[in-house]
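Take a look at the structure below.
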Amino acid sequence: MPEGPELHLASCYINTVCAGLIFSGKVEKSEVSKNPEVLFESDAYVISATSRGKEIKLTLTPLKEEKNTLPGRGRDREELSQNGLQQPMDLVFRFGMSGSFKFTSAAELPKHAHLRFYTKESPHRALCFVDCRRFGRWEVHGTWQLDRGPCVMLEYEKFRENVLRNLSDKAFNKPICEALLNQKFFNGIGNYLRAEILYRLKIPPFENARTVLEALQHRKQSPDLTLSKKVKLKQENPDLLELCHAVPMEVIHMGGMGYGPEHSDDAAEWLQCYCVPGMRSLRDGNGRTIWFQGEPGPMAPKGEHQLDSSMLCRVLLLLVGLGEAGRAVVCCGIVKETSDALLKL
DNA sequence: CGTCCACGTCTAC
DNA sequence: TAGACCTGGACGG
């Protein structure tokens, strides 16, 4: 489920279900997970969460009055402070392709629950990090990953500045659709968001990123307009960086994309481009599928494998609709990769 | 049965 | 710039 909006919603979910709840005992890791053990133990602690882009941070805080369990009982001494109390601990998670948090009965843990926090009450319940593909990661005593930029959702002004002040960075030598996945500058944007954002402005995905973004630096002012008209104009014509904030915010207000079993109808309706029938798709330079409408743009990868089904359909319909002479003309003009692809059918 | 595809990083040649 | 890392759903034979 995981691009920026889903990560943020996960933090909201955790803060809601854990509000007023007391957790207890050790943090349990599944056998199969290669992530680090979480050596935290407390008789009574609380859990809270914050998010930043595509990361989420859990804070485990022992309750004050606790005199901790016997030091040394199956515990590393280093994990306890000098007076034997468990210190608060931050855990930073990335979700990979399939991470999520679920709060359930401890008796029936969800499949693929790789990290589990148990409540003190009985019968116990558990907050679980669930991750079927196990691409997700967590770090003990974690901090926000150093080379990830400000959150597109929660730190919009810093995010915008970070992009516009660094347009000389080689990250912007790339097509805009590839730059948008660079978490150093677009922390929170993922594959469906980049497609939806570019589609709103009909920006060709393989237009050069610097070319697109330099145009935002000197946005033309209209001094003759009143302030309210300027505000209105801006709201009705958001630029690319504003959409990098506004589009994920739409998803948050919708309650997330709900990938997987709980696939919501709202989400399916909300998508205007990503995986939508009739839209075109190509592989970008990193092998990721970019969905778009119209022209791919000047930096599109060349090659015989770069013909999408939507375009093939159109070519075939065109050929069917033409007479014999027209067909001959069109076939002569067809680009090499088109004819190659047709021959392969 | 098999092949392809998926919301993302990582690290190794 | 490839692969590696994983499970499971969709779809074809």
Side-chain angles (χ1 to χ4, degrees), chain A residues 1-11 13 30-36 51-56 92-101 110-115 129-139 142 144-149 151-153 170-171 173-175 177-199 244 247-248 250-252 254-264 266-268 270-277 279 281-291 299 301-303 305-306 308-309 344-345:
Chain A
M1 78 188 261
E3 295 185 22
E6 289 75 28
L7 272 284
H8 179 70
L9 286 163
S11 78
Y13 172 76
S30 74
E31 280 297 314
V32 68
S33 171
K34 292 175 185 168
N35 279 303
S51 73
R52 178 176 186 262
K54 266 186 254 184
E55 295 186 306
I56 182 167
V92 170
F93 292 79
R94 264 154 269 135
F95 276 9
M97 293 285 260
S98 58
S100 66
F101 275 93
K111 205 176 177 188
H112 308 296
H114 296 301
L115 199 63
F129 177 62
V130 179
D131 182 14
C132 140
R133 296 184 70 182
R134 274 181 271 145
F135 293 171
R137 299 282 154 88
W138 65 77
E139 285 164 19
W144 302 130
Q145 203 165 259
L146 260 28
D147 46 6
R148 301 183 80 105
C151 177
V152 295
M153 295 159 292
K170 64 179 176 7
N173 296 348
K174 311 222 168 194
C177 72
E178 290 175 25
L180 284 173
L181 291 186
N182 187 336
Q183 303 299 299
K184 186 174 171 185
F185 294 106
F186 298 91
N187 190 4
I189 301 300
N191 205 17
Y192 79 73
L193 284 170
R194 72 169 176 174
E196 295 299 313
I197 289 164
L198 292 172
Y199 175 80
C244 286
V247 173
E250 288 178 23
V251 181
I252 289 175
M254 199 171 56
M257 290 300 294
Y259 284 106
E262 72 276 32
H263 206 294
S264 84
D266 285 358
W270 178 84
L271 288 172
Q272 297 177 28
C273 181
Y274 180 76
C275 290
V276 169
M279 294 296 159
S281 65
L282 292 174
R283 296 315 182 94
D284 71 12
N286 300 309
R288 303 264 259 144
T289 303
I290 174 69
W291 292 81
M299 299 179 81
K302 307 266 188 264
H305 305 299
Q306 293 295 335
D308 56 287
S309 57
K344 281 184 200 157
L345 285 180

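None of these values were measured; they are calculated from a predicted model. Chain letters run A, B, ... following the sequence lines, proteins first, then strands; residues in each count from 1.
The side chain of A:K111 contributes an N or O atom lying less than 4.0 Å from OP1 or OP2 of C:dG8. Within the 4.0 Å cut-off from OP1 or OP2 of B:dC10, at least one side-chain nitrogen or oxygen of A:R94 is found. Listed pair A:H112 / C:dC6 fails the phosphate criterion, with no side-chain N or O lying under 4.0 Å from OP1 or OP2. Taking 4.0 angstrom as the limit, A:Q183 places none of its side-chain polar atoms (N or O) nearer than this to OP1 or OP2 of B:dG8. At B:dA6, one or more side-chain N or O atoms of A:T289 fall inside 4.0 Å of OP1 or OP2 (strictly under the cut-off).
Between the side-chain ring of A:Y192 and the base of B:dC7, no stacking contact exists by the 5.5 Å and 30° definition. Centre separation under 5.5 Å together with a plane angle under 30° holds for the ring of A:F135 and the six-membered base ring of B:dG8, marking them as stacked.
Spacing between C:dT1 and B:dC7 at atom C1', rounded to whole Å, works out to 23 Å. When the P atom is compared between B:dT9 and C:dG9, the two are found 24 Å apart, to the nearest whole Å. For the P atoms, the distance linking B:dC5 with C:dG13 amounts to 15 Å, nearest Å. With both ends at atom P, the span from B:dA12 to C:dC6 equals 14 Å, rounded to whole Å. Between C:dC5 and B:dC13, the two P atoms lie 12 Å apart (nearest whole Å).
The interatomic distance linking A:E31 (CD) with C:dC6 (P) rounds to 15 Å, in whole Å. When rounded to the nearest whole Å, the span between CZ of A:R134 and P of C:dA4 equals 17 Å.
A:N187 is not listed as a side-chain neighbour of A:W144, based on a closest heavy-atom distance of 4.5 Å or more. The shortest side-chain heavy-atom distance between A:R283 and A:T289 falls under the 4.5 Å cut-off. Annotation: side chain of A:E3 is not in contact with side chain of A:I189 (no heavy-atom distance under 4.5 Å).
Between A:R137 and A:W291, the residue anchored nearer the 5' end of DNA chain B, judged by the nucleotide with its closest heavy atom, is A:W291.
A:E196 places a side-chain N or O within 3.5 Å of a backbone atom of A:Y274 that can act as its donor or acceptor partner.
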Can you list the steps and then say if A:F101 with A:Y13 is a ring-ring contact (aromatic ring centres under 6.0 Å, His included)?
CA-CA 8 Å; A:F101 275 93; A:Y13 172 76; 8.3 Å; no
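In the set B:dT9, C:dC6, B:dC7, C:dC6 carries the atom at the smallest distance from any side-chain atom of A:K34. Counting only heavy atoms from C-beta on, A:Y274 has its side chain closest to B:dC7 among C:dG8, B:dC7, B:dC10. Checked against B:dC10, B:dC7, B:dA6, the side chain of A:R283 finds its nearest nucleotide in B:dA6. Residue A:C132 has its side chain nearest to C:dG8 when only B:dC5, C:dC5, C:dG8 are considered. Considering only the side chain of A:R148, B:dT9 comes nearest among B:dT9, B:dC10, B:dG8.
Nucleotide B:dC7 forms a pair with no other nucleotide shown, judged by Watson-Crick or G-U wobble geometry with both contacts under 3.5 Å.
A salt bridge does not link A:R194 with A:E178: every distance from a Lys NZ or Arg NE/NH1/NH2 to an Asp or Glu carboxylate oxygen is 4.0 Å or more.
In this structure, A:Q145 reaches the sugar-phosphate backbone alone: every heavy-atom distance under 4.0 Å involves primed, P, OP1 or OP2 atoms, never a base.
With hydrogens and angles ignored, a donor-acceptor pair under 3.5 angstrom links the side chain of A:R133 to the base of C:dC6.
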